[in-house]
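Following: one structure in structure tokens, then a few remarks.
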Amino acid sequence: LTDANYTQNCNAESNLGTNPYTAGTNSPNGSYFWTAADKTVVDPNLKPMATNELVAGAEYQVVADGRLGVTYTRRDLMQTIEDMSVDNASSYFIGNPGYGVASPFPRATREYQAGTLFFDKTFSDGWMAQASYTLSRLYGNYGGLFVAATGQLDPNSNATFDLVSLLANQTGFLDADRTHQVKAFGAKSFQLTANQALSLGLSYNAQSGAPINYLAAHPIYGADEAYVLPRGVGGRTPWTHRFDSRISYDLKLTDTNTLSVGVDVFNLFNFQEVTAVDETYTSATILPLPNGTKESLDKAVAEGRILDQDQGTAFTADGINPNFGKPVAYQSPRNVRFGVRFTF
């Protein structure tokens, strides 16, 4: 095709929302577009991402084929790799936050601690069971390679450490923190005849809610990149509960061939609890409130002590997102899966 043909195709496909074709372009695929990047400085003493992990536990057999146990896990982020800027996004470099050329930035922290009490009965006498309770804490200033608040997936180059100003109020309970988790599973097999068996299974999963953040816009990086209050102080989403069940019928055709027909029901009771809320407190570029609380923020807004960085004026309650704190996601509804399996 000629350059004119590419231009014509570009105009015809403008509904894609991008303009991937330019004069002289030879790309045949309209889903790509041109981009570029300058050379980026890399710390010559750059270290790889690393974590320390300590796991300890003990278990004791309390019944035949059943044991009761306890475990403790601690996992700490030693260092990560990120892109950073010390001149308000005019240029970037790659380093380990808090080390070497990235010393002006705080060290990336992500600390996980968990204690689990469990019971496990292996399959014998036609039944099995597992149950556990976990008390955990995930705390720090680095959510990881994926930024849950904005949906950004740019491993080792997300916005978290790009600017020092982005790190205000970033330390707190991370998005994946769930203080309480309860899991239980049981299964029973019934031998109907020499060649027929019926199997039943039921599982239960429950966990406490995720921390809620107060997010605002950043003057350079835009929406939801600034934490108005310290991370996670906005309360928690509700507990979620879920039951899954299974029933299957097995017919033994020969010594080596078995036909199985089964039904799985996920979210058996169709619980529809809230799993996420709108965390955008405002689309304005307001200054973070260090060590603030919901009450102190409300008071500061009412007294006109919160400044909009773009406008240079006091932020008012009119700028608060009316949907803030309201549900944006729920548990997946009940669904049923039918299956047929033949083993030979």
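Remember, predicted model here, so these are calculated numbers, not experimental data. The analysis underlying the following values was restricted to heavy atoms, covering all of them including side chains, and did not include hydrogens, waters or symmetry mates.
Counted by atom type alone, Y142 and T109 present zero donor-acceptor pairs between their side chains at under 3.5 Å. Side chains of Y112 and E53: a donor-acceptor N/O pair is absent below 3.5 angstrom, by distance only. For the residue pair T160 / N158, a side-chain donor-acceptor distance below 3.5 Å is found, with atom types taken as modelled. There is a side-chain donor-acceptor pair under 3.5 Å between S124 and D65. Looking at T116 and T134, their side chains do bring a donor and an acceptor atom within 3.5 Å of each other. For the residue pair D162 / Y221, a side-chain donor-acceptor distance below 3.5 Å is found, with atom types taken as modelled. If you check the side chains of D278 and N321, you find a donor sitting under 3.5 Å from an acceptor. A side-chain donor-acceptor contact under 3.5 Å links Q196 and Y249.
Remark: R305 CZ is packed, more than 12 non-hydrogen atoms of other residues, nucleotides or ligands lying under 6.0 Å away. Crowding of F342 atom CZ: a count of heavy atoms from other residues, nucleotides or ligands under 6.0 Å exceeding 12. Atom CG of N291 has 12 or fewer neighbouring heavy atoms from other residues, nucleotides or ligands inside a 6.0 Å radius.
In this structure, I212 is not a member of the same hydrophobic cluster as W239, with clusters built from ILVMFWY side-chain heavy atoms closer than 4.5 Å. Criterion: ILVMFWY side-chain heavy atoms under 4.5 Å apart, direct or through other members. Under it, L268 and V263 are part of a common hydrophobic cluster. Cluster annotation: L174 and L77 are assigned to distinct hydrophobic clusters (Ile/Leu/Val/Met/Phe/Trp/Tyr, side-chain heavy-atom contacts under 4.5 Å, transitive). The hydrophobic clustering, which links ILVMFWY residues whose side-chain heavy atoms are closer than 4.5 Å, places L46 and V41 together. If you chain together hydrophobic residues whose side chains sit under 4.5 Å apart, M84 and M49 fall into the same group.
Ring orientation note: the planes of F324 and Y281 are nearly perpendicular, at an angle over 60° on the 30°/60° scale. A perpendicular orientation is assigned to the rings of F243 and F269, their planes being inclined by more than 60° (bins at 30° and 60°).
Here the shortest heavy-atom pairing between P333 and Q272 reads CA-NE2, 3.3 Å. Minimum heavy-atom separation, G140 to R231: O-NE, 4.1 Å. Of all non-hydrogen atoms in S136 and R178, the two that sit nearest each other are OG-O, 2.7 Å. Residues L289 and S296 share a closest heavy-atom pair of CD2-OG, 3.7 Å. Residues P288 and N169 approach most closely at CB-ND2, 3.5 Å, considering heavy atoms.
Under a 3.5 Å cut-off, the side chain of T237 and the backbone N or O of A276 do not form any donor-acceptor pair. In this structure a side-chain-to-backbone donor-acceptor pair under 3.5 Å is missing from D298 to A302. Between the R110 side chain and the Y139 main chain, no donor and acceptor come within less than 3.5 Å of each other. In this structure, the side chain of S245 does not engage the main chain of L202 through any donor-acceptor pair within 3.5 Å. Panel note: side chain N96, backbone T80; a donor-acceptor pair is recorded below 3.5 Å.
Here the straight-line distance linking atom OH of Y204 with atom CZ of R242 works out to 13.0 Å at 0.5 Å rounding. Note that CZ of F266 is 13.0 Å distant from CZ of R334, once rounded to the nearest 0.5 Å. Rounding to the nearest 0.5 angstrom, the gap separating the CG atom in D264 from the OG atom in S248 is 8.5 Å. Here the CD-CG distance, from E82 to D154, works out to 9.5 Å after rounding to the nearest 0.5 Å. In this structure, OG on S208 lies 7.5 Å from CG on D177, to the nearest 0.5 angstrom. Between atom CZ of residue F344 and atom OG1 of residue T258 there is a gap of 12.0 Å, rounded to the nearest 0.5 Å.
At least one cation-pi condition fails for K183 and F185: the charged atom is not both under 6.0 angstrom from the six-membered ring centre and inside a 45 degree cone around its axis. Taking the ring centre of F173 as origin, the terminal cationic atom of R236 falls inside the region bounded by 6.0 Å and 45° from the ring axis.
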Show your reasoning for whether salt bridge (Lys or Arg N to Asp or Glu O under 4.0 Å) applies to K252 and D250. CA-CA 6 Å; K252 189 174 183 180; D250 302 323; over 6 Å; no

Audit row: T285, D308, side-chain hydrogen bond (donor to acceptor under 3.5 Å, both in side chains) steps and yes/no: CA-CA 5 Å; T285 56; D308 186 325; 2.8 Å; yes

If you apply the rule salt bridge (Lys or Arg N to Asp or Glu O under 4.0 Å), what do you find for R246 with D244, and how did you get there? CA-CA 7 Å; R246 175 177 173 78; D244 298 328; over 6 Å; no

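The side-chain heavy atoms of L229 and L297, taken from C-beta on, include a pair separated by under 4.5 Å.
Shown are V228, I320, L307; of these, the side-chain contact (heavy atoms from CB on, under 4.5 Å) with F315 is made only by I320.
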